[in-house]
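Report on the structure given below.
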Amino acid sequence: MDRTGTNLPAVGEYNQTVVLDAIRRRPEGITRSELAALTALSGMTVTKVCRRLLDAGLVDEHGTRMSGPGKPAAVVKLNPDGGFAVGVHIDPAAVTYVLVDLSGTVRDHSRTGTPTAGDPSAVIDEMANAIEALIEGSAVDRSRILGIGIASPGPVNVDDGVLLNPPMMPTWHRVALRRSLAEATGLPVLLEKDATAAVVAELWFAGPDSSRDFAFMYYGTGLATGLSVAGEVVRGISSNAGDGGHITVDPDGPVCTCGRRGCVGYITVPRALVARAVLDGVLSAAEAGNLDDTVDVDAAFSRLAALAAAGSPEAIAILTDAARSLARAIVVIVNLLDIDRVIFGGPFWTRISPVILGALPDAVRSDPALIPPHPIRFAQSAIPVDVAAVGAATLVLDNTFSPRPSALLLAAE
């Protein structure tokens, strides 16, 4: 969805982001007159904004084309080298790093082991070293690095940049991650929940006609939900919105850590599916390993997914049951927000997506609790590498360049 600007005074920065956003969403290029028609800005305003963007190196001119009567008009395109962002995704199973250019292209990426063990300060030092190695190895101009985005499990305190007490990272309690990493790297740092970062990425990469109302089901070591309504990320008062893991989907199910039975975030995550596979005799205890070890669970989950892909009825049954549980939670979310699209992603998702997406749509459509009359579309994220890591990087780009109407309301007060 394209934003329109305003010709009122004192909103130059907003107009600049509107124009830049329109340019980056049209990789084929766009003329100034086309920009004026698209953004509802005056031709003079567009010309001034484009001049500033050209001077900043954020856009380039690439030839000319006819755009109405008169002489050919210059075509403006985004300059991918105009800015870069580093994205860091902290998952209990691994830490992923990406370097993303202004167009959203991943220039480089790396991954290190789980951060759950040991002192968080030591892990932060390792993160800083990995970021420096990523920047140096990519040979980009460091002065063009706009900042670092961090996607982590919640809950988080975004205002203070503090990782509070993620349930699967017991040694990480009230860690001042943003400040520590900023001091270690000398770069600005933003912190966001992993599922919310994934939504930011989906919106950043979305085409002009893409749906702006969707839920992102983030399937990693845990299950989380990110939300977009009318193209705006839903964060909530403390930026911890979207924690749908405790939606009850099986009243007779196992007792969750919260004390309730059958929470979707307890019975559908990789650890729970591996435990079910051992109980059903699909995997041996030796194949499953230590269920409290994220590396063992990762390997056992891959075995379970491979058995399902090979046609094992028992393995398929486990994943199909997980799809039905996810469907019940999705119906609650769809009813609450009246959305029409659900996107899936995360480090564990692609291994089970064929079975889950094969069973999920019918389970949602046939649920008697489903209220909205419109069709619900299901898709998996097309974002490369690690959607939360890319989302963390685009968080920096989004914070710098994406137009927000709410900023105009604040400016007017």
Side-chain angles (χ1 to χ4, degrees), residues 1-62 65 67-68 73-85 100-105 144 146-147 149 188 190 192 196-197 199-214 228-235 390-391 393-413:
M1 181 180 67
D2 294 305
R3 297 288 191 190
T4 55
T6 173
N7 293 299
L8 295 172
V11 291
E13 288 187 6
Y14 178 77
N15 286 339
Q16 182 166 306
T17 59
V18 166
V19 171
L20 184 63
D21 191 59
I23 293 170
R24 77 173 183 84
R25 291 186 184 278
R26 284 155 183 82
E28 72 279 6
I30 189 169
T31 66
R32 288 168 175 78
S33 61
E34 291 168 341
L35 279 168
L38 189 66
T39 62
L41 291 167
S42 70
M44 181 178 295
T45 297
V46 168
T47 297
K48 290 180 178 178
V49 169
C50 284
R51 186 179 300 121
R52 289 200 297 269
L53 295 175
L54 284 164
D55 291 343
L58 299 175
V59 301
D60 292 321
E61 290 184 340
H62 291 263
R65 69 164 175 252
S67 182
V75 175
V76 181
K77 292 185 179 182
L78 187 74
N79 174 21
D81 293 328
F84 300 87
V100 173
D101 67 23
L102 193 57
S103 71
T105 300
R144 287 284 182 179
L146 301 169
L190 296 172
E192 192 71 85
T196 304
V199 174
V200 172
E202 292 294 332
L203 289 170
W204 182 264
F205 282 90
D209 300 323
S210 297
S211 172
R212 314 297 274 178
D213 296 88
F214 63 85
S228 171
V229 175
E232 295 280 346
V233 181
V234 178
R235 288 183 167 89
V390 175
T394 54
L395 183 72
V396 176
L397 303 180
D398 179 75
N399 187 70
T400 306
F401 297 120
S402 288
R404 288 184 176 82
S406 56
L408 289 176
L409 298 177
L410 293 173
E413 290 179 350

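Of the possible donor and acceptor atoms, none in the side chain of Asn79 sits under 3.5 Å from a partner among the backbone N and O of Leu58. The closest donor-acceptor contact from the side chain of Thr39 to the backbone of Leu35 lies under 3.5 Å. With hydrogens and angles ignored, the 3.5 Å screen pairs a side-chain donor or acceptor of Arg144 with a backbone N or O of Gly82. Side-chain N or O atoms of Thr45 include none that pairs as donor or acceptor with a backbone N or O of Leu41 at under 3.5 Å. Between the side chain of Arg235 and the backbone N or O of Thr196 there is no donor-acceptor pair closer than 3.5 Å.
Residues Leu102 and Phe84 have side chains not in contact (no heavy-atom distance under 4.5 Å, counting atoms from C-beta outward). Ile30 places a side-chain heavy atom less than 4.5 Å from the side chain of Ile23. Side-chain atoms of Asp60 and Val76, non-hydrogen and from C-beta on, never get closer than 4.5 Å to each other. Put simply, the side chain of Asn15 does not reach to within 4.5 Å of the side chain of Lys48, judged on heavy atoms. Contact annotation: the side chain of Leu203 approaches that of Ser228 to within less than 4.5 Å [non-hydrogen atoms, C-beta and beyond]. Side-chain contact between Phe205 and Val390 is present, with at least one heavy-atom pair separated by less than 4.5 Å. For the pair Leu78 and Ser103, the minimum side-chain heavy-atom distance is below 4.5 Å. Inter-residue side-chain proximity for Val199 and Phe214 is flagged as met; some heavy-atom pair is nearer than 4.5 Å.
Using a 4.0 Å cut-off between a side-chain N of Lys or Arg and a carboxylate O of Asp or Glu, Arg65 and Glu34 qualify as a salt bridge. A salt bridge is absent between Glu61 and Lys77; no separation between the charged side-chain nitrogens and carboxylate oxygens falls under 4.0 Å. Salt bridge status for Arg25 with Asp21: present, with a side-chain N to carboxylate O gap under 4.0 Å.
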Start with the C-alpha distance between Glu28 and Val75, add both sets of side-chain angles, then the distance that settles side chain to side chain contact (heavy atoms under 4.5 Å, CB included), and finish with yes or no.
CA-CA 9 Å; Glu28 72 279 6; Val75 175; over 6 Å; no
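A pairwise comparison of heavy atoms in Ala85 and Ala393 identifies CB-O, 3.3 Å as the closest pair. Closest heavy-atom contact between Ala22 and Leu38: CB-CD2, 3.9 Å. Closest heavy-atom contact between Pro80 and Asp101: O-CB, 3.2 Å.
For the side chain to side chain contact (heavy atoms under 4.5 Å, CB included) test with Arg52, the passing option among Val49, Leu54, Asp55 is Val49; the others fail.
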